[in-house]
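The structure under discussion appears below in the form of structure tokens.
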Amino acid sequence: DYSLALAQAASVVSDNYDAYAVNTAGIYATAYAGYASTAVAGGIEVLAPNGSAYLYNGDIYAIAEAGDFSVAVASAASVQGYEYASATSYGLVVAGAYVGDYSYALASGFDVAASNGYAYLYNGYATYATAIAGDNSLAQAFGPSVDGLYGASTVNPGHIEAFAYSGDY
């Protein structure tokens with residue numbers, strides 16, 4: 001209770017050059033916290049604030065769970081580049097955020113962004129984002145978000161699903 005749980009499975013950061021991540025197996029991040037707490041789970045982040053960021057992935061799971069009066073945030077994959085950001089996914093990507101009453105749950109499958117260029121996502125298998133919250137709560141789920149200053153595209157021969165549920169009131 002009254003705690004913080006933070007799980008970041010993989011982080012690839014390049015301050016001045018390009019950043020590359022290749023995951024052909026599985027990445028798992030799970031964070032659990034109690035009452036009046038915060039749980040944050042991040043699968044993988046690939047960050048290149050002054051270059052390009054590339055992710056090639058298999059399975060990624062990010063699960064965050066907390067009790068009443070809490071916050072749970074689950075982000076499966078974040079790819080952030082300056083000139084170019086690209087994520088190519090052939091695996092199962094799952095983000096799940098679960099909280100009790102009077103709480104906030106946020107789940108994000110992919111966040112691919114190029115602040116001064118082009119962003120691209122290829123979803124070859126499946127991406128699921130699920131946020132579930134109790135009564136008097138807010139739940140938000142986002143499958144993929146792909147944003148580029150000079151263009152963005154998503155190719156999806158797979159399956160994308162976002163599900164958010166909150167209780168009464």
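In this structure, Ser70 contributes its side chain and Ala36 its backbone to a donor-acceptor pair below 3.5 Å.
No side-chain donor from either of Asp68 and Tyr35 sits under 3.5 Å from a side-chain acceptor of the other. Side-chain contact, Ser3 with Ser37: a donor N or O sits under 3.5 Å from an acceptor N or O. A donor-acceptor pair shorter than 3.5 Å cannot be found between the side chains of Ser137 and Asp135. Asn136 and Asp101 share no side-chain donor-acceptor pair at under 3.5 Å.
Here Leu47 contributes atom CG and Ser14 contributes atom OG; the two are 10.0 Å apart, rounded to the nearest 0.5 Å. The distance from the CG atom of Leu106 to the CG atom of Leu138 is 9.0 Å, given to the nearest 0.5 Å. We find the OG-CG distance between Ser89 and Asn123 to be 5.5 Å, quoted to the nearest 0.5 Å. Here the straight-line distance linking atom CG of Leu6 with atom OG1 of Thr38 works out to 10.5 Å at 0.5 Å rounding. One finds the OH atom of Tyr82 at 3.5 Å from the CG atom of Asn116 (value rounded to the nearest 0.5 Å). From Phe142, atom CZ reaches atom OG of Ser75 across 11.5 Å, with rounding to the nearest 0.5 Å.
Side-chain contact between Val112 and Asp147: absent, with no pair of heavy atoms (C-beta onward) separated by less than 4.5 Å. Side-chain contact between Gln80 and Asp111 is present, with at least one heavy-atom pair separated by less than 4.5 Å. For the pair Asp59/Val93, no side-chain contact is recorded, criterion being any heavy-atom separation below 4.5 Å from C-beta on.
Residue Tyr17 belongs to no hydrophobic cluster, having no ILVMFWY side-chain heavy atom closer than 4.5 Å to its own. Within the hydrophobic cluster formed by Ile, Leu, Val, Met, Phe, Trp and Tyr side chains joined at under 4.5 Å, directly or through other members, Tyr54 is accompanied by Tyr20, Val22, Tyr56, Tyr84, Tyr90, Tyr118, Tyr120, Tyr122, Val155. Grouping Ile, Leu, Val, Met, Phe, Trp and Tyr residues whose side-chain heavy atoms lie under 4.5 Å apart, directly or via other members, places Tyr28 in a hydrophobic cluster with Tyr61, Ile63, Leu92, Val94, Tyr98, Tyr125, Tyr128, Ile132, Phe163, Tyr165.
Heavy atoms only, all atoms of each residue included: Ala105 and Val99 are closest at CB-CG2, 3.8 Å. Minimum interatomic distance between Gly81 and Ala85 (heavy atoms only, all atoms of both residues): N-CB, 3.9 Å. The two residues Ala131 and Gln140 have their closest heavy-atom pair at CB-O, 3.2 Å. Closest heavy-atom contact between Ala72 and Ala64: CB-O, 3.8 Å.
Tyr102 is linked by a ring-ring contact (aromatic ring centres under 6.0 Å, His included) to Phe69, counting only residues two or more places apart in sequence or in another chain. Looking at residues two or more places apart in sequence or on another chain, you find a side chain to side chain contact (heavy atoms under 4.5 Å, CB included) between Asn23 and Ala25, Ile27, Asn57, Ile60. In this view, Asn50 and Asn16 satisfy the side chain to side chain contact (heavy atoms under 4.5 Å, CB included) rule, not counting sequence neighbours.
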